[in-house]
Amino acid sequence: MDIETLVVFGVPLAAFMLSLFVSFALGKAKKSKVFVRFGVLWAFVSGLLTIAMFAATGWDGLGYLAALIGVSAPLGRGTLIGGIVGWMQKDNQKYA
């Protein structure tokens, strides 16, 4: 396996898994404020990357596009999936 293959598949997979486990833990621990802040930060960074991509001239926008596809999209998917699964598995016991 060469380094290019590792970067193309490893970085998005690592971003996805990291956000999946962090958001799962936040959802399961009922930390909704931190979870919302995490989502707002992700949306802010994605927006900045999108604005920078459209403002770039020539081929410079491809780096921002690669960051959006390779890092931001897996982070968003991992956050969404992990948060939903963690929220559904939270402890819903009622004490008598």
Side-chain angles (χ1 to χ4, degrees):
M1 177 182 286
D2 53 350
I3 191 70
E4 291 88 8
T5 307
L6 182 66
V7 169
V8 167
F9 293 113
V11 171
L13 182 63
F16 176 77
M17 296 304 285
L18 177 71
S19 66
L20 181 79
F21 288 124
V22 168
S23 63
F24 176 78
L26 290 174
K28 193 167 183 175
K30 303 176 191 175
K31 303 283 186 184
S32 60
K33 288 183 182 178
V34 179
F35 186 67
V36 167
R37 288 180 188 156
F38 186 63
V40 168
L41 180 66
W42 170 77
F44 180 72
V45 169
S46 295
L48 283 179
L49 284 171
T50 303
I51 290 169
M53 179 181 67
F54 285 120
T57 58
W59 294 94
D60 294 338
L62 288 179
Y64 296 113
L65 180 65
L68 279 168
I69 292 172
V71 178
S72 184
L75 278 173
R77 284 190 214 117
T79 302
L80 184 65
I81 294 169
I84 290 172
V85 172
W87 197 263
M88 293 298 173
Q89 290 188 358
K90 70 181 179 181
D91 203 14
N92 287 330
Q93 295 178 357
K94 293 186 179 181
Y95 300 102

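All figures in this text were calculated on a predicted structure; none of them were measured in a lab.
- L48 is not connected to W42 by any chain of hydrophobic side-chain contacts under 4.5 Å among Ile, Leu, Val, Met, Phe, Trp and Tyr, and they are in different clusters.
- Within a 6.0 Å radius of CZ in F24, more than 12 heavy atoms belonging to other residues, nucleotides or ligands are found.
- Looking at every heavy atom in both residues, G61 comes nearest to A56 through N-CB, 3.6 Å.
- Between W87 and G27, the shortest heavy-atom contact is CE3-O, 3.6 Å.
- Between G83 and F35 the shortest heavy-atom distance is CA-CZ, 3.7 Å.
- With contacts defined as side-chain heavy-atom distances shorter than 4.5 Å, the pair F38/T79 qualifies.
- Under the 4.5 Å side-chain contact rule for hydrophobic residues, V40 and I84 do not share a cluster.
- Taking both residues in full, the closest heavy atoms of L75 and S19 are given as O-OG, 3.3 Å, listed atom of the first, atom of the second, then distance.
- Panel note: side chain S23, backbone G78; a donor-acceptor pair is recorded below 3.5 Å.
- From T50, atom OG1 reaches atom CG of L65 across 9.5 Å, with rounding to the nearest 0.5 Å.
- Contact detail for P12 and V7: the closest heavy-atom pair is CD-O, 3.6 Å.
- I69 and V8 are not part of a single hydrophobic cluster, where members link through side-chain heavy atoms under 4.5 Å apart.
- Both M53 and L62 sit in one connected hydrophobic cluster of ILVMFWY residues. Membership requires side-chain heavy atoms under 4.5 Å apart, directly or through other members.
- Under the 4.5 Å side-chain criterion, counting only non-hydrogen atoms from C-beta, L68 is not in contact with Y64.
- Closest heavy-atom contact between Q89 and K28: O-CE, 3.9 Å.
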